[in-house]
Amino acid sequence: MASITLKNIFKIYPDGFTAVNDVSLEIRDREFVVLVGPSGCGKSTTLRMIAGLEEISRGELYIGERLVNNVAPKDRDIAMVFQSYALYPDKTVYKNIAFGLERRKTPKKEIERRVSEAAKILDIEHLLQRKPRALSGGQRQRVALGRAIVRSPSVFLFDEPLSNLDAKLRTAMRAEISRLHKNLDATFIYVTHDQTEAMTMADRIVVLRDGVVQQIATPQELYEKPCNMFVAGFIGSPQMNFIEGKLKKKNGAFFVSVGQDLIPLPEKESLGGLSDGLDVKLGVRPENVITETARFEKESSPLCGRVDIRELMGSEVYLYVDYGKTKLTVRAPANIAPKSEETLSFQFEKEKLHLFDAQSEKAIM
């Protein structure tokens, strides 16, 4: 098995465009790391540089203790699973999985053993004599995984492998890949634009934006302590609400002033050095909006907004509420939520609030 180290990695194209900008990252042996971010953020380019499919413009890449900048992909002891499956249409499932081993002139008995083991792990033993055209999307993806598994690499690379599958299959395959990671005890690096995939599978997540690393943390850390507004808005579904306001100090306590409302903030040492009247953005997740009056804090006045749209999700409902200049998303129990056009009284869970500087967008609290 192997660790991966990226030291000040750049990818600069001939036209001057910088796709990956000074990325440094230490991936531990047997860790499951997910690179996540919007389209064009540099995550797939980073993965392709690790694979050796893209040249590194500047910086150093190590697999274990070995510098691999100029090492060919086939000599890096990695296996890559692509979004497009990349199966040979004229070959059977067995031949597709065995192809890489045959090219390496692996003994026939060993090929049979490895293919059989991989097929058993992935539950595709009954498909070995079929051609790819006779398989569903999920089955094709299992074959692509099987082709990677038989190589017994130290590092598995995944480039948006589930994006061609429907929602139900994606959920099933997420669990499948997480189970594979435990069984194979290998290092996994996984690229996706889907934050749900990142949150459910990763040991750690690397959030990228415009080729720059924004934050590296565990899923829980990213959710609870985002370092800036981009990370806070990208991680979580529905995404975090941001409310423009001004910081106000009153009787030794801090508030965010929004129109006529004063929203109390928890006591935090980080607020001590801030100036009264600072332009801020208050961050609150939809599930941290309190709508049950029995839970309201008596010291704080409730806030009010008009329900614009109501989306029933079963046991809960998403409310889109007009609150001043903000369209607030609220997650509420379905049995007590008001209907469209009605007024909603609410408060925020004070200890779950986030505060960002309006200019730098960096987290203050």
For this session: Answer yes or no: is there an ion pair linking D357 with K362, defined by an N-O contact shorter than 4.0 Å?
Result: no
Just wondering, do [Y] and [X] contact through their side chains at under 4.5 Å, heavy atoms?
| X | Y | answer |
| --- | --- | --- |
| L247 | K249 | no |
| R170 | T196 | no |
| L353 | L355 | no |
| V258 | T326 | no |
| K11 | E55 | yes |
| M173 | L145 | yes |
| E349 | I290 | yes |

Exercise. Side chains of Q83 and S163: is there a donor and an acceptor less than 3.5 Å apart?
Worked result: yes
Exercise. Using a distance-only test with no angle check, is there a side-chain donor-acceptor pair under 3.5 angstrom linking N241 and Y323?
Worked result: no
Which class fits the ring pair [X] and [Y]: parallel under 30°, tilted 30 to 60°, perpendicular over 60°?
| X | Y | result |
| --- | --- | --- |
| F242 | F356 | perpendicular |
| F99 | Y88 | tilted |
| F346 | F348 | tilted |

Exercise. For L61, which of R76, K7, R66 qualifies under side-chain contact (heavy atoms from CB on, under 4.5 Å)?
Worked result: R76
Kindly work out whether a path of hydrophobic side-chain contacts (I/L/V/M/F/W/Y, heavy atoms less than 4.5 Å apart) joins [X] to [Y].
| X | Y | answer |
| --- | --- | --- |
| F32 | L122 | yes |
| V212 | M49 | no |
| L180 | L169 | yes |

Donor-acceptor pair, [X] side chain versus [Y] backbone, under 3.5 Å?
| X | Y | answer |
| --- | --- | --- |
| S24 | N8 | yes |
| N69 | G59 | yes |
| Q215 | K225 | yes |
| E316 | M313 | no |

Exercise. Should E110 and R113 be marked as a salt bridge (Lys or Arg N to Asp or Glu O under 4.0 Å) after you check the CA-CA gap, both sets of side-chain angles, and the distance that decides it?
Worked result: CA-CA 5 Å; E110 179 64 10; R113 184 187 68 78; 2.6 Å; yes
Measure the spacing between [atom1] of [X] and [atom2] of [Y] and express it to the nearest 0.5 Å.
| X | Y | atom1 | atom2 | result |
| --- | --- | --- | --- | --- |
| R174 | R179 | CZ | CZ | 13.0 Å |
| K43 | R209 | NZ | CZ | 13.5 Å |
| E54 | R48 | CD | CZ | 5.5 Å |
| I9 | I50 | CD1 | CD1 | 8.5 Å |
| L344 | D308 | CG | CG | 12.5 Å |
| D90 | K131 | CG | NZ | 6.5 Å |

Problem set entry | Derivation and outcome, side chain to side chain contact (heavy atoms under 4.5 Å, CB included), residues V150 and T106 | CA-CA 11 Å; V150 292; T106 305; over 6 Å; no
For this session: Give the minimum heavy-atom separation between A118 and I149, together with the two atoms involved.
Result: CB-CG2, 4.0 Å
Exercise. In terms of heavy-atom contacts, does CD of E267 have more than 12 from other residues, nucleotides or ligands at under 6.0 Å?
Worked result: no
